[in-house]
Every structure is written in structure tokens, then in C-alpha cells.
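Reviewing the structure listed below.
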Amino acid sequence: MVTDRQLKALWKDFFTKHGFKQIQNSSLIPENDPTVLFTTAGMHPLVPYLLGEKHPSGDKLFDTQRCIRTGDIDSVGDFNHNTFFEMLGNWFLGSCPKDEMIKLSYEFLTSKEYLGIDPNKLSVTVFEGDETAPRDELAAKTWEECGIAKDHIFFNPKEDNWWGLGSGVGPCGPDTEMFYDSGKEKCSPDCKPGCHCGKYNEIWNDVFMQYRVENAGEKAQALANPNIDTGMGVERTICVLNNVKSSYDVGIFKEVIDFMDSKAEIKNSDETVKSYRILADHLRSTVFILGDEKAIKPSNVGQGYILRRFIRRSVNHARKIGLDTKFFADVADLYINYYSYDYDILTKNAEVIKTELSIEVEKFAKAIDQGFKEFEKVINGIERHKQFAKEGEIVENIISGKAAFRLFDTFGFPYELTEEIAKERGYEVDKAGYDEAFKAHQDLSRSASAGTFKGGLADSSYETAKLHTATHIMLAGLKKMFGNQVEQKGSNITPERLRFDFNLDHKMTPEEIKELEDFVNNVIQKKLDVTCTEMTLEEARAAGAHGVFDSKYGEKVKIYTIGDVDKQICGGPHAKNTEDLHHFTIKKEESSSSGIRRIKAILD
């Protein structure tokens with residue numbers, strides 16, 4: 001049996017021998033991307049370098065990255081969906097040697113020294129070409145030269161074999177995907193890689209970011225800084241290598257499921273297997289989120305909400321199989337002990353993981369009690385309606401979707417639990433109405449998420465506005481100390497603190513940090529008005545205003561002026577006077593990436 005550890009070791013050995021440098025895996029919480037809650041792919045932490053920044057480790061890299069995806073959380077419990085997974089990746093930065101990458105892929109997959117897959121078991125897909133870019137003949141030709149039979153090479157349209165941003169503009173390019181043939185009969189004459197019948201299992205994807213589209217629908221142009229990004233899912237590849245149908249049947253998942261089976265009242269079977277798998281998946285994701293460097297805890301927003309949902313779903317499915325939640329700590333230990341080989345932070349945070357898990361389970365137990373009481377109120381309301389119904393009015397035993405969603409949203413009462421108890425009482429639940437209410441909630445959440453940290457700001461509160469003004473003053477101080485070449489490289493501001501990235505070729509000394517603090521506090525003490533005027537971009541430049549991201553501005557721009565200290569193009573909001581900032585304190589100065597420093601500061 002091939003284990004995930006062995007697969008990761010083979011990956012490391014292979015790419016090291018071929019001149020690639022291993023880079024450290026990153027936190028599950030994206031550092032500078034407010035558009036998603038979690039790191040969703042191996043490329044996520046490398047986005048700045050895929051866009052042209054120089055990586056300190058060079059231009060040929062590889063890693064194993066922790067990821068979480070929640071878009072298909074309702075599919076967890078089938079054979080191969082996981083919320084947490086590990087992604088093997090490798091990159092060429094600044095070049096796109098397509099033939100070289102394909103040959104590397106073929107060698108790793110088929111060489112007896114590595115995965116040793118029979119080439120006859122492999123099929124690949126490549127881009128068929130359209131008005132955007134030509135047919136990827138080079139990819140197909142290279143695969144054939146490697147030894148893939150011509151009838152195992154499939155040309156697919158853009159929806160299957162093209163990578164690009166959702167807007168349809170920006171960096172993009174074709175990809176080639178590798179599939180393992182399970183040996184099953186074709187489900188139809190049209191069955192080919194990409195079909196969901198289970199015959200073909202995708203195990204690797206090479207993305208060739210070689211183009212750029214300026215305007216949606218236009219022909220792609222060659223990208224000045226092309227890249228290659230590849231990804232191989234550990235769990236899915238382990239299934240292929242061990243000839244098993246489900247990732248839950250091997251490795252640590254199997255160990256965890258066997259442990260739960262030994263403790264549960266209702267044993268693992270076709271009827272309960274979904275609950276066992278959801279428990280194994282969600283508790284693993286819980287361990288990794290609670291053990292992450294960013295110290296996420298259960299809450300009602302953001303990552304904390306997803307974490308809370310994982311735990312509460314786990315409690316619900318533990319109830320279904322008669323598993324005492326006291327055993328959650330033992331399951332956590334199994335994961336911590338197993339993964340500490342690669343993630344020693346789990347060992348370091350072991351007690352925090354188990355304590356926070358226990359606290360949330362206990363909270364949910366109380367919420368469940370409240371939910372049961374509320375459920376009874378819903379039932380009683382329907383019964384009263386029957387009692388006082390007008391003549392001829394029919395009151396059905398149906399719990400409205402709105403009521404079912406309120407039980408979930410307000411009391412944490414899972415829909416499955418509402419449906420199950422309703423059935424026991426002779427009631428049905430309006431599932432369509434529930435789905436509608438849930439979708440409206442999701443749309444609202446996505447809209448809120450999209451607005452999170454817009455322009456680097458968590459919100460438009462006055463506390464945030466004051467910290468935003470402080471960043472302007474601080475940048476002015478940095479320019480005075482180190483020259484006008486210092487520019488903002490990133491900003492993330494909440495009502496509690498600011499985080500500011502800027503270019504500098506050295507770590508700031510304690511004396512320099514003190515000098516910067518004094519500069520900002522002296523400006524605060526001067527009680528300078530913060531004024532705003534509007535003018536054209538050219539007028540702003542002529543007036544001596546500075547701004548980094550010129551391309552994002554329209555015909556008119558806002559100029560915020562802080563006395564004679566700073567004049568900057570900005571969308572706001574800001575404090576009205578510097579005295580409102582009270583006192584500025586730098587809490588930390590550290591490296592963000594090569595040549596980029598980061599300051600974290602507060603207003604006392």
C-alpha cells in the first residue's frame with residue numbers, strides 16, 4: 001500500500017533531482033486575498049510571484065500545500081469529496097517550457113522509480129483551440145512522443161481545458177489534465193476523460209499560463225511573464241495507486257473510521273457510511289483550522305463560521321451513529337499524531353485544538369436544546385392553526401422552509417435534524433422553501449465577503465478611518481526616512497489595528513521604528529485638518545499627490561491632504577483631524593516577502 005507520506009516523499013525526491021526548490025507550505029488563511037476564506041489551491045500563496053514578483057527561492061519551485069474548499073460541502077460523504085486536502089504542486093515562474101513539464105509529468109507518473117503507472121492506463125486531455133487561442137498541438141505532440149497512445153489523447157473545449165480569471169480578462173492559458181483509467185466499462189460511446197461515471201479519475205493538471213486577454217472575447221496575446229502551475233491531489237492519487245474506490249478506505253481516514261466504529265452504537269454500514277465519512281472529514285478540517293498559525297476560533301462570521309459549521313455537523317452525525325462526542329478528542333489526537341510529521345504546529349497547538357473543540361461541542365449541545373424547544377413552538381403553532389382554522393381551510397402537516405431555516409440560522413439546528421424529527425412527528429418540511437431561504441442567505445454572505453477589506457479596509461467605521469489616516473502619515477514618514485522610492489505594497493485595516501506592507505531592503509532597527517513612531521505621533525499632536533478635494537488625475541499629479549495604483553482611478557480622483565505632511569490619491573474614509581488618532585504604537589515590524597516589510601500598529 002502506498003501512503004500519503006510516501007507519495008509526498010516521492011514528489012520531493014523527484015523535483016529536487018530535477019533542480020526545483022522546495023518552498024514552505026502556507027497557512028490555511030490567505031494572507032492577502034479577501035475574496036476567499038481559505039487557501040483553496042497550491043497556487044494561492046504564489047499569486048504575487050505568478051504576476052511577476054521575484055521569488056526568493058528562484059523560478060523552479062515545488063511544495064505540498066494544505067487547502068480547504070467548502071463549495072461542495074454537501075457532497076462530502078460520497079467517495080471522493082473532502083473539505084480539507086493536500087495539494088502537490090510545482091511551478092516554472094517567468095517561463096513556460098510546456099514540453100519539458102509534460103515530459104516531467106510523464107516520467108513521475110510512469111517511472112518504476114516513482115509512481116510506476118502503466119502508460120496504457122493513462123489518458124490525457126488538451127485544449128482544442130477556439131477564437132481566443134490556437135489548438136494546443138505542442139501538448140498533444142509531446143504526450144505522443146512520451147508514449148501516450150494517440151487514441152488516449154483528447155482535445156477538449158475551453159470549459160474543460162482552459163485556465164483563466166472569472167472576468168475573462170488577464171493572465172490565462174490552456175491546460176492538460178491526466179486521468180487514470182479504472183478499467184470500468186464505458187458508460188456510453190461518448191464516455192471519455194472528464195465523464196463522471198467513475199471510469200476516468202483525474203490525478204494531475206498542468207496549467208500553462210502563456211497568454212493574456214486584454215478585453216473579454218478578444219484573441220489572447222503572449223504573456224510577458226508566462227508561468228506553469230501544476231497540481232496533484234494527494235488523496236485522489238492515493239486512491240488510484242492503491243486501487244481503492246474511496247479515500248476513506250485507506251490511510252488515516254480508515255484508522256479514524258475504524259476507531260469511531262469501535263465506539264459507536266450504530267456500526268459502519270451502507271446506511272451509516274455517509275455519517276462516518278462526514279465525521280472523519282469534518283473533524284480533520286476542524287483540527288487543521290484550530291491548529292493553524294492564524295488561530296481561528298468558532299464564530300458566526302468568516303472562517304470561524306465555517307469552522308463552527310464543521311463542528312456542528314459533526315455533532316449531528318455523531319448523534320446519528322450513537323457516538324459520544326467525548327471521543328472527538330481521541331479523533332483529534334489521531335489526526336494530530338499522524339500529521340505532526342509534516343505539520344509540527346499541530347503538536348504545538350494540540351491542547352488548544354482539543355479545548356476549543358470541546359467548548360464548541362458544549363455550546364452546540366445547549367443550542368440543540370434551545371432548537372428542540374423552538375421546534376416544539378413551530379409544531380404547536382401549526383396545531384393551533386388547525387384548531388382555529390376557518391371552515392373548509394386545510395392546514396397541512398408541513399413545516400415551512402422559512403421556519404426550518406430559522407431553526408438552522410438562529411439556533412444552529414441542522415436541516416437534517418429538523419427533517420428527521422418532523423418525520424417522527426408525522427410532519428414534512430418544505431425543502432424547496434428552505435433551499436430558497438438558504439440560497440438567499442448564501443448570496444448575502446457572498447456579497448458581504450466580496451466587500452470585506454475593500455481597498456484594504458474591513459469597514460467604514462470611524463475607528464477604521466482613523467487607522468487608515470495613520471497609514472498615510474506612516475507612509476509619509478517612511479518616505480522621509482528612506483526616500484520616495486518607498487511605496488505601499490499592501491494594506492489590511494480593521495477597527496482594531498492596521499497592517500501595512502512596503503518595499504524596503506532591510507529589517508528596520510529599533511531606532512528606526514522609534515523614529516517612525518515619533519514622526520506619526522508628532523503629526524498627531526499638531527492637530528492637522530484632513531481635507532478632501534476632487535480633481536483629474538493629471539491635476540493631482542501636478543499638485544504633487546502620490547498614489548500607487550493609477551490604473552484603477554476614473555476621470556476624477558479624491559485627494560486627501562494632511563497639512564503639509566501628506567497629499568495622496570485615495571478613496572477614503574479618513575479622520576477629520578489628526579488629533580482624533582490620539583497615539584500611534586508600532587506592535588511589530590517583520591518580513592512579508594522578499595524586499596517587502598510589514599508593520600502592524602494600533603492607535604491607543
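Here the structure is a predicted model, which means the values were calculated and not measured.
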Query raised in the report: Would V76 and H282 satisfy side-chain contact (heavy atoms from CB on, under 4.5 Å), going step by step from the backbone distance to the final call?
Result: CA-CA 9 Å; V76 173; H282 285 14; 4.1 Å; yes
Donor-acceptor check, side chain of [X] to backbone of [Y], threshold 3.5 angstrom: yes or no?
{"X": "D344", "Y": "S340", "value": "no"}
{"X": "T355", "Y": "V352", "value": "no"}
{"X": "K489", "Y": "F502", "value": "no"}
{"X": "E589", "Y": "I599", "value": "no"}
{"X": "D63", "Y": "Q22", "value": "no"}
{"X": "D566", "Y": "I473", "value": "no"}

Query raised in the report: Can you check side-chain contact (heavy atoms from CB on, under 4.5 Å) on I562 and T578, steps first, answer last?
Result: CA-CA 8 Å; I562 305 172; T578 61; 3.6 Å; yes
Side chain proximity check, [X] to [Y], heavy atoms < 4.5 angstrom:
{"X": "W163", "Y": "N205", "result": "no"}
{"X": "E496", "Y": "I602", "result": "no"}
{"X": "I493", "Y": "H468", "result": "yes"}
{"X": "Y49", "Y": "W91", "result": "no"}
{"X": "F310", "Y": "R308", "result": "no"}
{"X": "R497", "Y": "N492", "result": "yes"}
{"X": "F85", "Y": "V234", "result": "no"}

Report task. Classify the ring geometry between Y339 and Y343 as parallel (under 30°), tilted (30 to 60°) or perpendicular (over 60°). Result -> tilted
Salt-bridged, [X] to [Y], with N to O below 4.0 Å?
{"X": "R406", "Y": "E374", "answer": "yes"}
{"X": "E86", "Y": "K8", "answer": "yes"}
{"X": "E512", "Y": "K514", "answer": "no"}
{"X": "D501", "Y": "R598", "answer": "yes"}
{"X": "K466", "Y": "E463", "answer": "yes"}
{"X": "D292", "Y": "R66", "answer": "yes"}
{"X": "E590", "Y": "R597", "answer": "no"}
{"X": "E360", "Y": "K297", "answer": "no"}

What distance do [X] atom [atom1] and [Y] atom [atom2] have between them, rounded to the nearest 0.5 Å?
{"X": "F84", "Y": "C67", "atom1": "CZ", "atom2": "SG", "answer": "8.0 Å"}
{"X": "I296", "Y": "L28", "atom1": "CD1", "atom2": "CG", "answer": "9.5 Å"}
{"X": "L61", "Y": "F92", "atom1": "CG", "atom2": "CZ", "answer": "10.0 Å"}
{"X": "Q525", "Y": "F584", "atom1": "CD", "atom2": "CZ", "answer": "13.5 Å"}
{"X": "I306", "Y": "Q303", "atom1": "CD1", "atom2": "CD", "answer": "8.5 Å"}
{"X": "F372", "Y": "T418", "atom1": "CZ", "atom2": "OG1", "answer": "9.0 Å"}

Query - Listed partners of T561 passing side-chain contact (heavy atoms from CB on, under 4.5 Å), at least two apart - result: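 Result, side-chain contact (heavy atoms from CB on, under 4.5 Å) vs T561: T531, I559, K567.
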Distance-only donor-acceptor check, side chains [X] and [Y], under 3.5 Å:
{"X": "T230", "Y": "N90", "value": "yes"}
{"X": "S285", "Y": "T83", "value": "yes"}
{"X": "D4", "Y": "Y338", "value": "yes"}
{"X": "D529", "Y": "N577", "value": "yes"}

Requested in this report: Can you spot which of D333, L290, T286, T347 makes a side-chain contact (heavy atoms from CB on, under 4.5 Å) with I353?
Outcome: L290
**Report entry** Residue of the set L357, L346, N349 for which side-chain contact (heavy atoms from CB on, under 4.5 Å) holds with V287
**Finding:**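 That would be L346.
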Step through the shown structure and confirm whether more than 12 heavy atoms of other residues, nucleotides or ligands are within 6.0 Å of [atom1] on [X].
{"X": "E376", "atom1": "CD", "value": "yes"}
{"X": "Y341", "atom1": "OH", "value": "no"}
{"X": "K294", "atom1": "NZ", "value": "yes"}
{"X": "K12", "atom1": "NZ", "value": "no"}
{"X": "E293", "atom1": "CD", "value": "yes"}

Quick check: closest heavy atoms across [X] and [Y], and the distance to 0.1 Å?
{"X": "A329", "Y": "K354", "value": "O-CD, 3.8 Å"}
{"X": "S27", "Y": "Q65", "value": "O-NE2, 3.9 Å"}
{"X": "A470", "Y": "L603", "value": "CB-CD2, 4.3 Å"}
{"X": "K326", "Y": "D330", "value": "O-OD2, 4.0 Å"}
{"X": "R69", "Y": "A41", "value": "NH2-CB, 3.9 Å"}
{"X": "A575", "Y": "L581", "value": "CB-CD1, 3.7 Å"}

Tell me whether the centres of the aromatic rings in [X] and [Y] are closer together than 6.0 Å.
{"X": "Y335", "Y": "F288", "value": "no"}
{"X": "H472", "Y": "H574", "value": "yes"}
{"X": "H506", "Y": "F482", "value": "yes"}

Query - Positive for ring-ring contact (aromatic ring centres under 6.0 Å, His included) with Y415, one of Y434, F405, F408 - result: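 When ring-ring contact (aromatic ring centres under 6.0 Å, His included) is applied between Y415 and each of Y434, F405, F408, only Y434 qualifies.
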Query - side-chain contact (heavy atoms from CB on, under 4.5 Å) between T585 and E517, intermediate numbers included - result: CA-CA 6 Å; T585 302; E517 271 189 345; 3.7 Å; yes
Query - Counterpart residues, ring pair (Phe, Tyr, Trp, His ring centres under 6.0 Å), relative to F15 (two or more places apart) - result: W11, F20
Query - Qualifying salt bridge (Lys or Arg N to Asp or Glu O under 4.0 Å) pairs with a residue from residues 279-288, counting only residues at least two apart or across chains - result: E235-R284
**Report entry** Worked check of side-chain contact (heavy atoms from CB on, under 4.5 Å) between I311 and L307
**Finding:** CA-CA 6 Å; I311 297 172; L307 173 58; 4.1 Å; yes
